[in-house]
Amino acid sequence: MATQSLHKRESDLAQSNRQLEILSNGIFQNGELPTFKSKISETNQFPLKAKKLEILQINIGYMCNQVCEHCHVDAGPDRKEIMTRETMQQCLDVIKNTGAHTLDLTGGAPEMNPDFRWFVEEAAKAGIKDFIVRSNLTIIRANKKYYDLPEFFKKHNVHVVSSMPHWTRGKTDKQRGDGVFDKSIKALLELNAIGYGMPDSGLRLDLVYNPSGAFLPGDQASMEKDFKKALKEDFDIQFHNLFAITNLPISRFLDYLIASENYEDYMYALVEAYNPAAVANVMCTNTLSVSWDGYLFDCDFNQMLELPVNSRVKHISEYNEELLEGRNIVISQHCYGCTAGAGSSCQGIVA
Ligand code: SF4
Ligand code: SF4
């Protein structure tokens with residue numbers, strides 16, 4: 001398993017235009033498979049339009065203590081893009097005035113941003129209904145300066161959403177690196193010990209599952225059942241919900257697909273599983289993504305592909321909810337990942 005990001009390895013695929021080229025050429029250019037645009041046009045869903053903003057997702061940096069095989073951010077310890085306090089302040093001005101009900105902090109490992117705690121303390125004061133931090137769990141056990149994160153999350157009533165690709169050591173470590181499973185289990189036990197994830201607790205703890213290879217996730221509800229049973233029986237761990245997320249064919253997952261000669265089969269599988277009912281609720285219709293340097297995107301995937309919002313408003317400092325509402329969403333073939341089967345978003349299925 002690679003221990004460096006594509007950027008550090010100076011891989012071709014670190015460049016977003018190279019990824020977009022791959023997604024536009026080959027089987028999509030020669031008509032073997034329909035483009036996403038033509039597919040959604042069949043049901044008159046083109047152009048996709050942004051509706052009222054409900055979720056503001058802020059990526060506060062691409063640095064991470066892990067280098068997972070499937071990572072769409074191409075995150076890792078070698079990534080230095082980190083949101084400054086100045087940009088955080090611009091985000092806070094928006095958070096205080098937005099009508100969005102959910103604030104979703106992501107990364108990388110958001111906790112590695114030196115201003116993370118300050119930002120959480122300030123953002124929590126805005127009283128947004130659902131304040132999510134996407135934590136990879138292992139960060140809690142990575143260094144003693146992070147050991148008190150569970151208490152910190154509790155103090156600010158943060159909703160913790162954590163990746164956990166499987167309930168077995170082998171499958172988890174294969175995707176996320178050696179030792180990740182054991183550290184994740186320890187972190188989950190610590191979160192449970194202070195009330196996170198317990199059946200009647202208001203301290204929300206959800207897990208995110210994504211497949212460990214070139215296949216689509218199974219049924220979310222039955223996977224949640226299996227995860228709950230196994231984690232309870234093996235470790236006495238509890239959590240609230242499981243979100244099943246499809247891997248989108250970008251960045252390191254695209255690199256993996258190409259290297260394992262699965263790219264075309266995977267695109268076929270996504271297109272075959274296309275579900276027009278999922279299109280209406282893809283997350284870009286109610287979400288806005290902010291990058292570490294304050295630019296605005298329709299989703300975290302478009303952020304990584306450097307496809308900015310189609311609006312006069314490009315940066316959080318010039319934020320205007322009315323101008324952003326109704327914008328045309330920027331799409332490409334990676335969007336098939338959001339509309340396969342029951343659909344996929346940062347909150348799991350959408351249809
Ligand atoms: S998937 Fe998450 S934990 Fe893994 S490298 Fe990417 S940001 Fe880090
Ligand atoms: S990848 Fe982004 S833009 Fe495309 S459908 Fe999914 S959420 Fe929308």
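Each ligand, and each atom within it, is numbered from 1 in the order the structure gives.
Taking 2.8 Å as the threshold, Cys335 does not count as a candidate ligand of atom 2 (Fe) of ligand 2, since none of its N, O or S atoms lies below it.
In this structure, of Glu69, His70, Gln66, the residue bringing a heavy atom nearest to atom 1 (S) of ligand 1 is His70.
Note on ligand 2: Val330 sits in its first shell, one or more heavy atoms being nearer than 4.0 Å. Residue contact check for ligand 2: Ile331 places no non-hydrogen atom closer than 4.0 Å to it.
One N or O on the side chain of Asn113 and one on the backbone of Ile60 form a donor-acceptor pair closer than 3.5 Å. Under a 3.5 Å cut-off, the side chain of Asn302 and the backbone N or O of Val330 do form a donor-acceptor pair. Within the 3.5 Å criterion, the main-chain N or O of Gly341 finds a donor-acceptor partner in the side chain of Asn275.
With 3.5 Å as the limit, one finds no donor-acceptor pair spanning the side chains of Tyr319 and Gln90.
For the side chain to side chain contact (heavy atoms under 4.5 Å, CB included) with Gln19, the qualifying choice from Pro249, Ser24, Ser251 is Ser251, the only one to do so. Among the candidates Phe215, Tyr256, Phe253, the single residue satisfying the ring-ring contact (aromatic ring centres under 6.0 Å, His included) test with Tyr266 is Phe253.
Residue-level proximity to ligand 2 for Leu248 is carried by the side chain, the only part with a heavy atom below 4.0 angstrom.
Atoms of ligand 2 found under 4.0 Å from any heavy atom of Ile329 (numbered from 1 in listed order, with element): 3 (S). Using a 4.0 Å cut-off to heavy atoms of Met283, the atoms of ligand 2 that qualify are 7 (S). The Gly108 neighbourhood of ligand 1 comprises atoms 7 (S), with distances under 4.0 Å to a heavy atom of that residue. Ligand-side atoms of ligand 1 in range of Arg176: 3 (S), range being under 4.0 angstrom from any heavy atom. Counting atoms of ligand 1 from 1 in the listed order, those under 4.0 Å from a heavy atom of Ala75 are 6 (Fe), 7 (S). Listed by number with element, the atoms of ligand 1 under 4.0 angstrom from any heavy atom of Asn136 are 3 (S). Applying the 4.0 Å criterion to heavy atoms of Arg252 picks out, from ligand 1, the atoms 5 (S).
A centroid separation of less than 6.0 Å is found between the aromatic rings of Phe235 and Phe181.
Cation-pi geometry between Lys314 and Tyr295 is not met at under 6.0 angstrom from the ring centre and within 45 degrees of the axis.
Looking from atom 2 (Fe) of ligand 2 to the surrounding protein, the closest heavy atom is Cys299 SG, 2.3 Å. For atom 6 (Fe) of ligand 2, the nearest protein heavy atom (residue, atom name, distance) is Cys338 SG, 2.3 Å. Atom 8 (Fe) of ligand 2 has Cys284 SG, 2.3 Å as its closest protein atom, hydrogens excluded (heavy atom only). Summary of contacts: the protein heavy atom closest to atom 4 (Fe) of ligand 1 is Cys68 SG, 2.4 Å.
With respect to the salt-bridge test (charged N to carboxylate O, under 4.0 angstrom), the residues Glu151 and Lys155 do not qualify. With respect to the salt-bridge test (charged N to carboxylate O, under 4.0 angstrom), the residues Asp298 and Arg327 qualify.
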